Amino acid sequence: MTESLQGLDWSLVQAFIAVAESGSLSGAARQTGVSQPTLGRQIKAMEAQVGVSLFHRQAKGFELTETGQAVLPAALAMADAASKFATVAAGRDMSVSGTVRLTASEFVAQYILPDVIAEIRASQPDIQIELNATDQTDNLLFREADIALRMFRPTQLEVVTKRLGVLKLGFYASESYVARRGLPQAVEDLTNHDLLGYDRSERIIRGAAALGWTLTRSDFAVRCDQQAIHGEMIRAGCGVGILQCDVARKMGLVPVLDDFPMPGLELWLTTHEALRYTPRVSAVWKHLETGLEPWLSHERDITILNRGGLA
């Protein structure tokens with residue numbers, strides 16, 4: 001087996017890790033962007049090269065064999081080493097041209113970042129931007145992104161972070177909804193209105209409970225877990241919902257219970273420490289700092305929301 005491993009293709013190891021983590025070719029394909037047939041061939045090629053079966057093929061997907069479980073930690077260590085190699089190499093690149101990959105929540109990517117990215121492109125035409133709009137947490141240590149905008153303070157080692165400020169939130173409705181149903185006078189009145197909330201997530205329910213306001217899933221007339229869609233449903237007149245204040249103003253929405261002490265979301269800028277001062281990453285970082293400033297509040301008495309509810 002030792003001789004057969006000397007020329008082991010790194011792409012085969014990547015395929016092995018992706019299938020092991022996802023448990024299926026389809027999941028691995030979504031994770032890597034490689035087609036299912038190609039991944040299937042890569043797994044067979046790796047098994048042929050090492051001379052052992054790494055997976056049990058089952059109707060529900062791929063399950064690691066005992067050997068597969070034994071070699072997975074070594075494969076992950078290889079991936080970690082390769083990532084560190086790539087990050088250190090990228091950090092030595094002194095060019096102000098090239099690609100910078102950003103990751104941000106779907107809401108921030110849709111409503112806030114386009115204007116900022118337009119400014120980056122206007123002033124730095126040699127820098128190409130890749131934007132991954134996702135509510136999942138991309139791993140900066142594995143170069144899934146060069147810069148991340150987080151709604152919480154990152155705790156990973158080997159990353160540099162900066163707190164930019166707080167995105168203020170509030171209740172909003174469309175003019176058409178207010179004309180039809182009127183404005184609630186107290187937070188308790190919201191249960192008599194068409195309130196927008198999450199479907200599977202209990203974040204709003206937990207946050208409301210922390211403020212002494214009891215909500216249940218059945219209190220939401222419309223339920224969806226994507227915050228960006230909430231904004232469009234509020235704009236369409238579906239009901240009263242929570243939205244970032246400056247975005248709501250740009251949409252022409254009507255503030256509801258404007259004096260309610262609504263918590264805010266912290267916004268953190270994050271990158272790997274090896275990349276922070278490479279020219280292209282540094283340039284984009286500075287543009288994000290200045291471009292996002294108009295959206296942020298620096299009030300000290302705003303309660304902060306985190307991923308699990310109220311901080």
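Just the heavy atoms: all of them, side chains too, but no hydrogens, waters or symmetry mates, feed the values below. Just so it is clear, the structure is predicted and the values come from calculations on it, not from any experiment.
When all heavy atoms of Gln42 and Val34 are compared, the pair lying nearest together is OE1-CG1, 4.4 Å. Scanning all heavy atoms of the two residues, the minimum distance from Gly40 to Leu25 falls at N-CD2, 3.9 Å. Here the closest heavy-atom approach between residue Cys238 and residue Asp194 is recorded as O-CB, 3.5 Å. Of all heavy-atom pairs spanning Gln227 and Leu243, the tightest one is NE2-CD1, 4.1 Å. Across every non-hydrogen atom of Val284 and Ile147, the tightest pair is CG1-CD1, 3.8 Å. The nearest pair of heavy atoms linking Ala109 to Leu131 is CB-CD2, 3.9 Å.
Salt bridge annotation for Asp126-Arg121: absent, with no cationic side-chain nitrogen under 4.0 angstrom from a carboxylate oxygen. A salt bridge between Lys44 and Glu47 is absent, with no side-chain N of the basic residue lying under 4.0 Å from a carboxylate O of the acidic one. A salt bridge links Asp199 with Arg217: at least one charged nitrogen is closer than 4.0 Å to a carboxylate oxygen.
A donor-acceptor pair is defined here as one N or O able to donate and one able to accept, closer than 3.5 Å; no such pair exists between the side chain of Asp258 and the backbone of Pro255. Side chain of Tyr111 to backbone of Ala228: a donor-acceptor contact under 3.5 angstrom is found. Looking at Ser22, its side chain does come within 3.5 Å of a backbone N or O of Ala18 through a donor-acceptor pair. Put simply, the side chain of Gln185 gets close to the backbone of Leu183: a donor and an acceptor are under 3.5 Å apart.
Contact annotation: the side chain of Phe220 approaches that of Ile204 to within less than 4.5 Å [non-hydrogen atoms, C-beta and beyond]. With contacts defined as side-chain heavy-atom distances shorter than 4.5 Å, the pair Trp295/Gln244 qualifies. By the 4.5 Å heavy-atom criterion applied to side chains, Ile120 and Val100 are not counted as neighbours. Contact annotation: the side chain of Tyr172 never approaches that of Val254 to less than 4.5 Å [non-hydrogen atoms, C-beta and beyond]. With a 4.5 Å cut-off on side-chain heavy atoms, Leu64 and Leu72 count as touching. A heavy-atom distance below 4.5 Å is not found between the side chains of Leu167 and Val247. With contacts defined as side-chain heavy-atom distances shorter than 4.5 Å, the pair Phe152/Glu266 does not qualify. Looking at Glu106 and Gln226, their side chains come closer than 4.5 Å, going by heavy atoms from C-beta outward.
A donor-acceptor pair shorter than 3.5 Å can be found between the side chains of His193 and Tyr177. In summary, the side chains of Ser174 and Ser176 do present a donor paired with an acceptor at a separation below 3.5 Å, with no hydrogens or angles considered. Gln128 and Thr99 share a donor-acceptor pair across their side chains, judged by distance under 3.5 Å alone.
No option in Arg203, Arg200, His230 other than Arg200 meets the side-chain contact (heavy atoms from CB on, under 4.5 Å) test with Asp225.
Atom CG of Leu76 and atom CD1 of Ile17 lie 5.0 Å apart (nearest 0.5 Å). Atom OG1 in Thr191 sits 8.0 Å away from atom CG in Leu215 (nearest 0.5 Å). Here the straight-line distance linking atom OG1 of Thr161 with atom CG of Leu269 works out to 9.0 Å at 0.5 Å rounding. From Met251, atom CE reaches atom CD1 of Ile234 across 7.5 Å, with rounding to the nearest 0.5 Å. In this structure, Gln124 CD and His287 NE2 are separated by 4.5 Å, a value rounded to the nearest 0.5 Å. To the nearest 0.5 angstrom, Glu293 atom CD is 12.5 Å from Leu288 atom CG.
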Could you go step by step and tell me if Asp146 and Leu102 meet the side-chain contact (heavy atoms from CB on, under 4.5 Å) rule? CA-CA 6 Å; Asp146 297 314; Leu102 307 179; over 6 Å; no
Applying side-chain contact (heavy atoms from CB on, under 4.5 Å), run through Leu196 and Val240 and close with a yes or a no. CA-CA 6 Å; Leu196 307 184; Val240 178; over 6 Å; no
So Met262 and Ile242, side-chain contact (heavy atoms from CB on, under 4.5 Å) or not? Walk me through it. CA-CA 9 Å; Met262 181 65 73; Ile242 298 170; 4.1 Å; yes
Assess the residue pair Lys162 and Glu289 against the criterion (salt bridge (Lys or Arg N to Asp or Glu O under 4.0 Å)); give the C-alpha distance rounded to whole Å, side-chain angles, the decisive distance to 0.1 Å, and a yes or no. CA-CA 9 Å; Lys162 180 174 183 179; Glu289 283 187 272; 2.3 Å; yes
Test side-chain contact (heavy atoms from CB on, under 4.5 Å) applied to Leu113 and Leu292, step by step: CA-CA 8 Å; Leu113 280 183; Leu292 292 168; 4.3 Å; yes
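Environment of CD in Gln36: crowded, with over 12 heavy atoms of neighbouring residues, nucleotides or ligands closer than 6.0 Å. Remark: Glu66 CD is loosely packed, at most 12 non-hydrogen atoms of other residues, nucleotides or ligands lying under 6.0 Å away.
Val116 and Trp268 are assigned to two separate hydrophobic clusters, defined by single-linkage of ILVMFWY side chains at heavy-atom distances under 4.5 Å.
For Phe260 and Phe171, the ring centers sit closer than 6.0 Å to each other.
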